[in-house]
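Okay, so here's the structure we're looking at.
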Number of protein chains: 2
Amino acid sequence: MSVQRIGVPLTAPHSFEKPDWLDTILKGDCVAALEKLPKHSVDMVFADPPYNLQLGGDLHRPDQSRVDACDDHWDQFDSFDAYDAFTRAWLLAVKRVLKPDGSIWVIGSYHNIFRVGAILQDLGYWILNDVVWLKSNPMPNFRGKRFTNAHETMIWAVPRKDAKYTFNYEALKTFNDDLQMRSDWHLPLCTGSERLKDEDGRKVHPTQKPESLLYRVLLSSTNPGDVVLDPFFGTGTTGAVARKLGRHFVGVEREQDYIDAARARIDALSPANDDALEITLGKRAAPRVPFGNLIEAGLIAPGTKLTCARGRHQATVRADGSLVSGDHRGSIHKVGALVQGQEACNGWTFWHTEDGGLLTPIDNMRQIIRSGLPTSGR
Amino acid sequence: MSVQRIGVPLTAPHSFEKPDWLDTILKGDCVAALEKLPKHSVDMVFADPPYNLQLGGDLHRPDQSRVDACDDHWDQFDSFDAYDAFTRAWLLAVKRVLKPDGSIWVIGSYHNIFRVGAILQDLGYWILNDVVWLKSNPMPNFRGKRFTNAHETMIWAVPRKDAKYTFNYEALKTFNDDLQMRSDWHLPLCTGSERLKDEDGRKVHPTQKPESLLYRVLLSSTNPGDVVLDPFFGTGTTGAVARKLGRHFVGVEREQDYIDAARARIDALSPANDDALEITLGKRAAPRVPFGNLIEAGLIAPGTKLTCARGRHQATVRADGSLVSGDHRGSIHKVGALVQGQEACNGWTFWHTEDGGLLTPIDNMRQIIRSGLPTSGR
DNA sequence: TATATAGTTGAATCAGTCT
DNA sequence: TAGACTGATTCAACTATAT
């Protein structure tokens, strides 16, 4: 994978000086700072605005340790109206500096993304896709009160319906093993050595995004030499990936601590170093197929009897994918272990369905699900 | 572990006739039809509203065959304002008939889901999760101008912030091979024999949802016997799955063709038997057993020494079920917290009895009480 | 040095009942 | 209604320490 170099040829027909704001971080409120940029001067915008989380008291893990919540002042808003006004203001300011054929990405969670999306549409932006970032290692739901919040949503939009935006279809397809890139991206959180820490080992920013995410965003919707604006620059992930990919950046950030960290981070990079790119490529794994999927898919009905290969043990399937065998209840693995008096058991190969005397391991049905073939329905 | 029965016994203390609208499809506009239902009469709502698709002209595949897009007249709105007014109206009508502790699911795509989500919040609904349905076999993006649109978004919400909603956490966890269920659901489209076709082999409804999706929705947020409302009933996937899972349904639909198809589809079904509908319940569903009961039952004697799992902390049981450890006195939970210097502690899992070097959590004795096994008495 | 075990952590709108 | 009390609840990945 090769990368083109930055740089505008000095002899280009419309040559111009490199603007002084290019590859810098503007300090201040984003709406005010964006007034310093010329109209239609950036090719793409990546924005990670405050999510307006409305957290209650402290949350503790089952081991009693306290969750380090994002409770920073910049994430606090008095009401939805206040958040909407804020959102409308910065999206308008962005629209002025964005080129007519540029595009914008905004990331958010269910706390804010619906408001952002509706306001984007109200302001005349045209949504191209929503892309979901599926986290391979999200924080669990410790109290068991909801589904694990395992994704965030990105909206990709253009400032007008008929914009001729950049989309590197072939590059993305190659990147994705020659399959069209889908709207679901499986990537891990920003942890480990990539996560910026201060001298005391504390994270510098509560919500630093992984470079792998920005890598895909910039690769898909910008060209080398393009200018990428991030109005909520934070610790500069957008700038770091832009530099690695040979794109220009301009950031806006209010907090001096974040600016310092971002500046140091980006200055340490040399542009378009292929080696540096390697680490940004995320892992991708095939999704697991839990036993419950077979029931949903109609491959196994609640009430079905399962047996082991020798017919010694029997169990009945319940609606939630649990098995019952005598007094034993639980997952296919747990009940398989219990009926055998063993510590562990692979339920997929242990349990079988019977059809006319023919025993078939339930693992075979999992293969049907994985293959994507249509199932019979129930 | 018991299961509620379908239907209300006529002799029950607060007996009432089965409402005439139960398990029926109301024909007409959804706001008008919902006025026929009593206030706070449904436990859960699943809504698949029109998507407000704005397709400019026909879409063709590379081989020039026309894509059968969703261009039915019910899916056309003149503007975002019109769509918002429509959305506000039906979400308000739904809020009247939904029980205060019920919940609502709404499914949509990027065309409409941001407006729906923002209006839900504006109307005072409290979002619990957004759940993404990842399609294992989505329609490719034929023009290669965007990412393959491979998912739809569902919003799960309650009508007020402090609602005590139904969430079958343990059942879903069992369903998912003993891992808590996440907000990303990988499920195939509705195809094959499940997809309703007319005599000419054309699909009856353009956006028929897979039963697997509804199966998971109903399993997670309803109990057997609950009433599920679908204000955009279409060809009745919600009703079909509700019947299979021993839930009641009520649907609203404008098109007679859809009503006929849905009615025939549901009438052909018989509900699963009660045993198969039984689901895995968590500890919260079990009756409370005070620590003193173990003493009354003779499972533990006053004066017994308890220790933590590592033997670091010790305490003595007193006749009233309180513990003493140094200067600390109080319940198993309070003393457990005090000796560790923590705010809270689950005494049931913290304290252990010792027998020949073997440590056993006192929670095991609680299991004996709950199981109803005979104890030694006093 | 390699492997095993223990500890830490991540954008989180995270309890229910009785007095 | 506010406060006290009971007691339920976690997954993947990385880091530090121990063997």
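Residue numbering restarts at 1 for every chain, and letters A, B, ... go by the order of the sequence lines. Because the structure is a prediction, the values reported are computed rather than measured.
Note: CG (A:Asp58) to C1' (D:dT9) measures 16 Å, nearest angstrom. The distance from atom CG of B:Asp184 to atom C1' of D:dC11 is 13 Å, rounded to the nearest whole Å. Rounded to whole Å, the distance from NE2 on A:His60 to P on C:dA12 is 15 Å. Rounded to an integer number of Å, the gap from CG of B:Leu323 to C1' of D:dT6 is 14 Å. Distance, B:Asp101 CG to C:dG16 C1': 13 Å, rounded to whole Å. Atom P of nucleotide C:dA15 and atom CG of A:Asn141 are separated by 9 Å, given to the nearest angstrom. To the nearest angstrom, P of C:dA15 lies 12 Å from CG of B:Leu128. Between B:Leu179 atom CG and D:dA12 atom C1' the separation is 10 Å, expressed in whole Å.
For A:Asn129 and A:Arg182, the side-chain atoms include no donor-acceptor pair closer than 3.5 Å. Defined by atom type and a distance below 3.5 Å, a donor-acceptor pair is missing between the side-chain atoms of A:Asp81 and A:Ser79. When only modelled atom types and interatomic distance are considered, A:Ser109 and A:His111 share a side-chain donor-acceptor pair under 3.5 Å.
Taking the P atoms as reference points, C:dA12 lies 25 Å from D:dA8, given to the whole Å. Here, D:dT15 and C:dA11 have their P atoms 15 Å apart, quoted to the whole Å. Between the P atoms of D:dC5 and C:dT13, the separation comes to 30 Å (whole Å). The separation of D:dT9 from C:dT8, taken at their P atoms, amounts to 23 Å, rounded to a whole angstrom. Distance noted for atom C1' between C:dG10 and D:dG7: 26 Å (whole Å).
For DNA chain D, the neighbouring residues in residues 167-174 of chain B, judged by any heavy atom under 4.0 Å, are B:Tyr169, B:Glu170, B:Lys173.
The residue B:Val158 sits apart from the nucleic acid: no heavy atom pair falls under 4.0 Å. Looking at heavy-atom distances under 4.0 Å, A:Ser193 makes contact with sugar-phosphate atoms alone, never a base. B:Ile127 comes within 4.0 angstrom of a base, heavy atoms only. Using a 4.0 Å heavy-atom distance criterion, B:Ser331 is classed as a sugar-phosphate-only contact. Residue B:Arg284 is classed as a sugar-phosphate contact, given heavy-atom separations below 4.0 Å to backbone atoms only. Note on A:Asn149: only backbone sugar-phosphate atoms sit closer than 4.0 angstrom, heavy atoms only; bases stay farther off. The residue A:Gly57 sits close to a base: some heavy atom pair falls under 4.0 Å. Among the protein residues, B:Arg366 comes within range of the sugar-phosphate backbone only, with heavy atoms under 4.0 Å from sugar or phosphate atoms but none that close to a base.
In this structure, the side chain of B:Arg160 engages the main chain of B:Pro100 through a donor-acceptor pair within 3.5 Å.
A search for side-chain contact (heavy atoms from CB on, under 4.5 Å) contacts involving B:Gln340 returns B:His313, B:Gln342, B:Cys345, B:Phe350, not counting sequence neighbours. For the salt bridge (charged side-chain N to carboxylate O under 4.0 Å, His left out) test, residues two or more places apart in sequence or in another chain that qualify with A:Asp200 are A:Arg202.
Applying the side-chain hydrogen bond (donor to acceptor under 3.5 Å, both in side chains) definition to pairs two or more places apart or across chains, those involving residues 67-76 of chain A are A:Asp68-A:Lys203, A:His73-A:Glu255, A:Trp74-A:Tyr258.
By the 6.0 Å and 45° rule, A:Arg115 stacks over the aromatic ring of A:Phe80.
The OG1 atom of A:Thr235 sits 5.0 Å away from atom CG of A:Leu196, with the distance rounded to the nearest 0.5 Å. For the atom pair B:Glu152 CD and A:Ser183 OG, the distance stands at 10.0 Å (nearest 0.5 Å).
When ring centroids are compared, B:Trp133 and B:Trp105 stay outside the 6.0 Å threshold. Checked against a 6.0 Å centroid threshold, the rings of B:Phe291 and B:Trp351 do not count as neighbours.
Both key distances under 3.5 Å define a Watson-Crick or G-U pair, and stretches of 3 or more such consecutive pairs in DNA chain D run C:2-10 with D:11-19, C:15-19 with D:2-6.
Judged by distance alone with a 3.5 Å cut-off, no donor-acceptor contact links the side chain of A:Arg143 to the base of D:dT10. In this model, no side-chain donor or acceptor of B:Trp348 finds a partner on the base of D:dT6 within 3.5 Å.
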- Message: So if I define the base as every atom that isn't primed, P, OP1 or OP2, how would nucleotides 3-11 of chain C read as a B/S/- string at a heavy-atom cutoff under 4.0 Å?
- Response: ----S-BBB
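Residue B:His333 places no side-chain N or O under 4.0 Å from the OP1 or OP2 atom of D:dT6.
Taking 4.5 Å as the limit, every side-chain heavy atom of B:His151 sits out of range of all side-chain heavy atoms of A:His151.
Base orientation of C:dT5: anti (glycosidic angle beyond 90° from 0).
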- Task: With side chain to side chain contact (heavy atoms under 4.5 Å, CB included) as the test, would you mind laying out the steps for A:Thr207 and A:Tyr51 before giving the verdict?
- Result: CA-CA 10 Å; A:Thr207 70; A:Tyr51 286 10; over 6 Å; no
